[in-house]
Amino acid sequence: MKRGFYTIMSAQFFSSVADNALFVAAIELLRSTGAAEWQRAALVPIFAIFYVVLAPLLGAFSDALPKGKVMFISNAIKVLGCMMMLFGSHPLVSYAIVGLGAAAYSPAKYGILTELLPASQLVKANGWIEGLTIASIILGILLGGQLVGHAVSHFLLQFDMPFINTGIESAPEAAISVLIFVYLIAAWFNTRIPHTGVEMRPLRSNPRKSFFGNLVALLPDFWHCNSRLWRDRLGQISLATTTLFWGASGSLKYIVLAWGTLALGYSTAQATALTGVVVVGTAVGAVVASMRMRLDMATRVIPMGIGMGLLVISLNFITNLWVAVPFLVLLGGLGGFLVVPMNALLQHRGHNLMGAGRSIAVQNFNEQACILVLGVFYSACTGAGLSVYTAIGAFGGLVAGVMWIIQRWYDYNCKKYPEEIEHLLQIARSDKHH
């Protein structure tokens with residue numbers, strides 16, 4: 001791997017650690033203020049909202065500036081969201097601002113991979129960056145759980161700033177103040193990311209138009225890119241698969257916490273460890289996939305998505321920790337093995353069709369729209385009075401059913417367009433066409 005790749009991974013690691021720790025802190029902040037269950041569940045879709053609303057702008061913005069600079073600006077927006085949450089803004093509003101930073105960060109984070117590396121290294125690179133992202137999720141969730149736990153929060157709250165009244169009086173607030181410094185570490189790594197030498201694509205804007213006017217002006221280009229990826233015979237399958245995977249994973253992060261508190265009687269700090277177990281499995285699956293899979297083999301992993309949905313349903317029948325741990329590792333492992341080759345294939349097709357930043361923005365739009373829909377679906381289930389167990393069953397059945405449809409879709413493409421599919425797979429086997 002090129003030297004700059006490891007700087008990108010370091011920046012991503014610290015930023016993702018802070019994102020996931022902040023999720024736990026926000027849950028605890030809402031819980032401590034007596035917020036309704038649906039508000040805690042709404043943290044997942046609220047984080048995704050700017051991925052969807054600003055997708056036309058964010059892809060073009062990522063291609064208009066060096067990716068390291070885009071990541072630095074995005075990280076600063078996340079710090080702003082932290083400060084808002086710390087000093088009295090509603091956690092849902094503040095977390096939406098952090099989501100805005102993450103939405104701007106993502107096209108640069110993944111887009112720079114296709115600028116820096118050839119096609120033959122994309123699966124390996126995705127294995128590394130997904131594995132590291134997964135490790136950061138584990139550490140972030142565990143860090144968040146520990147920061148809001150009694151022992152660490154009691155220690156943090158004993159600190160006094162001379163002559164300054166910070167107003168930090170609760171465990172979640174103390175946790176958020178620590179996470180600001182983690183984001184600052186990520187910002188330092190952002191400044192060290194090298195310029196790849198790829199030509200920038202200027203962001204077309206009209207100074208006579210408002211921000212929203214310029215955003216609307218970008219819509220035709222964005223929808224053209226979106227439709228091109230959905231029309232591509234391999235791009236549509238990889239996009240559909242990753243869209244469903246990330247939509248399910250976003251909600252699963254909260255579902256495992258809710259299930260742990262109900263089925264096992266865990267506190268928030270204890271239940272975060274269960275989410276960490278899922279992510280350990282995902283890391284193992286991602287690493288194995290990066291070693292065993294090639295770009296042209298990516299479509300073979302679709303059945304694992306069906307298995308994920310069925311395993312989510314099976315959560316309803318587990319009440320023992322010793323059964324839950326290997327089960328959750330298996331659930332995560334299937335997800336990790338599924339997403340690494342599919343992400344790489346999607347990046348490859350998108351880079352060939354429209355450029356890195358726009359491709360990742362299209363991917364983010366679809367994936368985060370799925371997170372938004374599934375998150376609202378789960379929040380609505382709990383808000384309507386359905387039990388956590390019923391909501392989990394409905395959620396798992398939906399995932400398994402849609403993934404089965406995607407498998408049938410790919411089988412249809414192979415029968416109807418065999419020459420086109422083989423041509424696209426041949427391109428995936430060669431670095432010359434990337």
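Numbers here simply count residues along the sequence, with the first being 1. Note that the structure is a prediction, hence the values are computed from the model and not measured.
Between the Thr241 side chain and the Ser238 main chain, no donor and acceptor come within less than 3.5 Å of each other. Ser74 places a side-chain N or O within donor-acceptor distance of the main-chain N or O of Val70, the cut-off being under 3.5 Å. For the pair Asn226 (side chain) and Val362 (backbone), a donor-acceptor distance under 3.5 Å is absent. In this structure, Ser94 contributes its side chain and His90 its backbone to a donor-acceptor pair below 3.5 Å. Counting only distance, with no hydrogens or angles, the side chain of Asn20 and the backbone of Ser16 share a donor-acceptor pair below 3.5 Å. Side chain of Asn366 to main chain of Ala240: no donor-acceptor pair is present (N/O by atom type, distance under 3.5 Å, no hydrogens or angles).
At least one side-chain heavy atom of Tyr105 sits less than 4.5 Å from a side-chain heavy atom of Gln12. You'll find the side chain of Met85 reaches within 4.5 Å of the side chain of Leu22, heavy atoms only. The side-chain heavy atoms of Leu328 and Trp259, taken from C-beta on, include a pair separated by under 4.5 Å. Contact of the Met84 side chain with the Val98 side chain is not registered, since no non-hydrogen atoms from C-beta on lie closer than 4.5 Å. Looking only at side-chain heavy atoms (C-beta outward), Tyr183 and Asp19 come within less than 4.5 Å of each other. Side-chain atoms of His224 and Arg228, non-hydrogen and from C-beta on, do get closer than 4.5 Å to each other.
Here the shortest heavy-atom pairing between Tyr389 and Asn316 reads O-ND2, 3.0 Å. Closest approach of Trp230 to Gln236, counting heavy atoms only: O-NE2, 2.6 Å. What you find for Ala25 and Ala175 is that their closest heavy atoms are CB-CB, 4.2 Å. Residues Ala103 and Phe50 share a closest heavy-atom pair of CB-C, 4.1 Å. Closest non-hydrogen pair, Gly393 versus Ile313, comes out as O-CG1, 3.8 Å. The minimum heavy-atom distance linking Val399 with Ala248 is given by the pair CG2-CB, 3.8 Å.
Applying side chain to side chain contact (heavy atoms under 4.5 Å, CB included) to Pro91 and the options Ile176, Ile46, Leu29 leaves one that passes, Leu29. Each of Leu315, Val278, Val277 was compared with Phe327 under the side chain to side chain contact (heavy atoms under 4.5 Å, CB included) criterion, and only Leu315 meets it. Looking at Ile421, Leu234, Thr299 one by one, the single match for side chain to side chain contact (heavy atoms under 4.5 Å, CB included) with Asn413 turns out to be Ile421.
The line from CD1 of Ile193 to OH of Tyr6 is 15.0 Å long, rounded to the nearest 0.5 Å. The distance from the CG atom of Leu143 to the OG atom of Ser136 is 11.5 Å, given to the nearest 0.5 Å. In this structure, the separation between CE on Met403 and CG on Leu338 is 5.0 Å, given to the nearest 0.5 Å. Put simply, CG on Leu345 and CG on Leu424 are 9.0 Å apart, with the number rounded to the nearest 0.5 Å. Rounding to the nearest 0.5 angstrom, the gap separating the CD1 atom in Ile185 from the CG atom in Asn190 is 12.0 Å. Note: Leu229 CG to Leu239 CG = 5.0 Å, rounded to the nearest 0.5 Å.
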Note to self: Let's go through Met71 and Asn75 carefully: what are the C-alpha distance in whole Å and the side-chain angles of both, what is the deciding distance for side chain to side chain contact (heavy atoms under 4.5 Å, CB included) to 0.1 Å, and is it a yes or a no?
What the structure shows: CA-CA 6 Å; Met71 292 166 76; Asn75 217 69; over 6 Å; no
Notebook entry, point to check: Stepwise, does the side chain to side chain contact (heavy atoms under 4.5 Å, CB included) test hold for Leu43 with Ile27?
Noted result: CA-CA 8 Å; Leu43 284 168; Ile27 287 177; 3.5 Å; yes
Next item on the list: Give the intermediate values and the outcome of side chain to side chain contact (heavy atoms under 4.5 Å, CB included) for residues Leu374 and Leu398.
Entry: CA-CA 9 Å; Leu374 291 181; Leu398 180 65; 3.4 Å; yes
Note to self: Go through it in stages, so that I can follow the logic: the residues are Glu28 and Leu147, the test is side chain to side chain contact (heavy atoms under 4.5 Å, CB included), and I'd like the CA-CA distance, side-chain angles, deciding distance and then a yes or no.
What the structure shows: CA-CA 10 Å; Glu28 190 62 22; Leu147 287 175; over 6 Å; no
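Within a 6.0 Å sphere centred on CE of Met297, heavy atoms belonging to other residues, nucleotides or ligands number more than 12. When the shell of 6.0 Å around OH of Tyr410 is examined, it contains more than 12 heavy atoms from other residues, nucleotides or ligands. Around atom OH of Tyr417, more than 12 heavy atoms belonging to other residues, nucleotides or ligands sit under 6.0 Å away.
A tilted orientation is assigned to the rings of Phe23 and Tyr95, their planes being inclined by 30° to 60°.
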